[in-house]
Amino acid sequence: MTEKQLIQLATSVGNDTIRELDSERIARVVLERLATEPVGRVGRSRAIAIRVSLGVAAAAAAILLFMQSPAPPTPAKEPVTVLHELDDLTVSELEVLLETLPPAAGDAAHPDPASVEELDAKSLERLLRSLEG
């Protein structure tokens, strides 16, 4: 069987069944059933839909109330320290310690490259020693 024959066969599947259907008879049966069906069924399904809708609305209201309630206070966390040896020092002892530390590399004075070229050997040596610390 070729691909073309397979496609023709697939498109014709169900054509015989459709030709055999009596659409007028189907329409008559549907209309008769709608006429004899009790009205209460439609009301019952509507009542179920209303109950489901009310349940969803109540759940949404509960979620909104929960989201709007203030969060419980969180306990204060103790500060995290790296050097536990410094925990027992007073403020004045910490200040003395800070004064003894060398300045950070970013705080050091960086000379202008143009002015470095103008320095003599002795001044250049002094500059290098001051940068070494």
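Computed from a predicted structure; not experimentally measured.
Residues Ile50 make up the rest of the hydrophobic cluster containing Leu54, defined by ILVMFWY side-chain heavy atoms closer than 4.5 Å, directly or through other members.
Residues passing the salt bridge (Lys or Arg N to Asp or Glu O under 4.0 Å) test with Glu125, sequence neighbours excluded: Arg129. The side-chain contact (heavy atoms from CB on, under 4.5 Å) search around Gln5 returns Met1, Thr2, not counting sequence neighbours.
A distance of 8.5 Å separates CD in Glu95 from OG1 in Thr90, rounded to the nearest 0.5 Å.
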